[in-house]
Amino acid sequence: MCGIIGILGKGPVAGRILDALKRLEYRGYDSAGIATITEGAIDRRRASGKLVNLKTLLGSEPLAGDIGIGHTRWATHGPPIEKNAHPHATERVAVVHNGIIENFAELRQELVGFGRVFQSDTDTEVIAHLLTHLLDQGRDAESAMAEMMSRLDGAFAFCALVKDRPDLLLAARQGSAVAIGLGDGESFIGSDAVGLAPLTRRVVYLEEGDWAAVRRDGVTIHARDGQVVDRPVTLTEVSDAEVGKGNYRHFMEKEIHEQPEVIGDTLGYYYNPIRRRIVLPPLPFRIAGVPRITIIAAGTSFYAGMLAKYWLERIGRLSVEVDIASEFRYRQPEMSPGGVSLFISQSGETLDTLEALRYARSQGQIIVSLVNVPDSSMAREADLCLRTYAGPEIGVASTKAFTTQLTVLACLTLHLAREHGKLSTDEMARYAEQLIRLPALAAETLELADDMRAIAEEIAPCRDVLYLGRGASYPIAMEGALKLKEISYIHAEGYAAGEMKHGPIALITDGVPVIVIAPSDELFHKTAANLQEVLARGGRAIVLTDTEGAAKLKGTKARVFTVPKAEPLVAPILFTIPIQLMAYSVAVARGNDVDQPRNLAKSVTVE
Ligand code: G6P
């Protein structure tokens, strides 16, 4: 969601802010803007739509100044038009903000009472006016900021500049991440380390409730109670070079094709080839004493959790619950003492998942997170953080993050099953052998790209698409439907194949594409029966199966595509690849913005 950048530079900053905003584009946005202090006044440029519009505007109306803030806005309060684009400014203050100020209506009313005049429909503007109001009362910038922090409710991050203080940027974190970059006589502020990567690798992350006074020569951080605190300086792993499209047309295409490599990288951290077994970092619990594992996530990460439940129950004989973060956190469920809660998130910042983590912590749960972004909030707030090594994922629709999540979850399953006494040394070695074949099998599966492009041409004009799968293929069917709707805007539903007769079968008429995910496992013949029901009603069945399954389906009217034959543990990871390729090609065929689909954000930092 909204991207924030601030630069205290040695020379003009507008161009550098624009470049940094470009790196935050992946978060999703619909307008953008930059403000600087120039000749003792605040000057700003804002434009609706993509950054190219802002760039054009800056071309005709350049912005001078060596201190500035910039923003990509994902609309919450007020439509994505220029007057609602950030920075919001008064005569003394400009601000860029991510998240929601929940008490903005009361604050706005109060500030209007003091004669302040608002220009936009946003909640953000109250920050600019409140800070101005406090400065007008004679406070200095730091004490005005401290006072303001006690007045703002909600989950947010923001960065502000004050006209009379060209040496200072103010930043705050209460729910959404803020990274402060330390340079050589320069300082930077960003929503994440990806935005800051070309500027500096030395980063300090604000913690919940912190606010910071950032100067060119360093930063002073205040905790919620006002005390000055030290936060560690970390060297970010995000490198500038990693974020490019290479020879691919879109980031999503590149990220799909990176999967063999990043799955291999990820396995490298969890597989010990000498002992032929999976090795995880020391666990902060003994599985024998854990009554239940609760998995919580959102979006694609939730489907990874769904699949992990199948594995942990089946292979580990463990009791597992899986829940959507946004539902879980408000149900306030009882949690068994000594339970383990596992939070899965590419970004490590999704607000609902992060708040669910904090709720679980308050219930005495042992917290494990599985994230792709190192140093993210969920990485830092867990008792144990497991990492995926997918590298930065820029395409809004998640691909390589998902398959690397599944890779780690498969490793976790084997490790816990072994600790739980449900897996012999030999069985562990057999499963581990299956996993290490995964990168090669994934590379082979990518050869389906041309077939998926061809079938995409047929799907592109359709209105509805159904995805069916049983057992471990059910979460993959859900993920397939999500991928398609996210980037092609075609209505798609994922269903457990056995549930088809309880509703979705009514949707099947002549020519409705039904994508059936059917590896030749123990449930194959059941799914094959559902396939016949689809064909009997004129559905256009497209089956993803393996060589064995394809042989069994010879002679059916369905279009059959063959994924390399793999063991049940790794098959769902492979079957994910053609559904990603298919969704990608449909979106391209429809001429959509694949990497930044409308209305979507990469990291959802509001509720
Ligand atoms: C957004 C993204 C999805 C992602 C979901 C959860 O909706 O567009 O691709 O799956 O958030 O994000 P997380 O970072 O927590 O995995």
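Sequential numbering from 1 along the given sequence is applied to the chain's residues. Start at 1 and go down the list; that is how both ligands and their atoms are numbered. Bear in mind that the values here come from a model prediction, so they are computed numbers and not experimental data. Side-chain atoms are counted along with the backbone in the values below, which use heavy atoms only and exclude waters and symmetry mates.
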Would you say ligand 1 has an N or O under 3.5 Å from any N or O of Ser347?
-> yes
Going by an N to O cut-off under 4.0 Å, is there a salt bridge joining Arg358 and Glu208?
-> yes
With only distance considered, is Ala397 within less than 3.5 Å of ligand 1 through an N or O on each side?
-> no
Any N or O of Ser345 closer than 3.5 Å to N or O of ligand 1 = yes
Just one of Leu370, Val371, Leu409 clears the side chain to side chain contact (heavy atoms under 4.5 Å, CB included) bar with Leu386, so which one?
-> Leu370
Can you sort out which atoms of ligand 1 are near Thr350, meaning under 4.0 Å from one of its heavy atoms?
-> 6 (C), 12 (O), 13 (P), 14 (O), 15 (O)
Cation-aromatic face contact Lys50/Tyr29, 6.0 Å, 45 degrees = yes
Counting heavy atoms under 4.0 Å, the part of Lys602 that contacts ligand 1 is backbone
Electrostatic pair Arg361:Asp383 at N-O distance under 4.0 angstrom = yes
Closest to atom 2 (C) of ligand 1 (heavy atoms only, candidates Ser603, Ser398, Ala601) is Ala601
In terms of atom number and element, which parts of ligand 1 are under 4.0 angstrom from non-hydrogen atoms of Val396?
-> 8 (O), 9 (O)
Do Arg231 and Glu207 sit within salt-bridge range, that is, some charged N less than 4.0 Å from a carboxylate O?
-> yes
Tyr584 and His250 aromatic centres sub-6.0 Å | yes
For the ring pair Tyr389 and Tyr269, is the centre-to-centre distance below 6.0 Å?
-> yes
Between Lys254 and Glu258, does at least one N-O distance fall below 4.0 Å, as a salt bridge requires?
-> yes
Close-contact set for ligand 1 against Val604 heavy atoms, below 4.0 Å | 1 (C), 7 (O)
For Thr300, atoms of ligand 1 separated by under 4.0 Å from a heavy atom = 10 (O)
Among all protein heavy atoms, pick the one closest to atom 16 (O) of ligand 1 and tell me residue, atom and distance.
-> Ser301 OG, 2.6 Å
Closest by any non-hydrogen atom to atom 6 (C) of ligand 1: pick that one out of Pro597, Ala298, Ala325.
-> Ala298
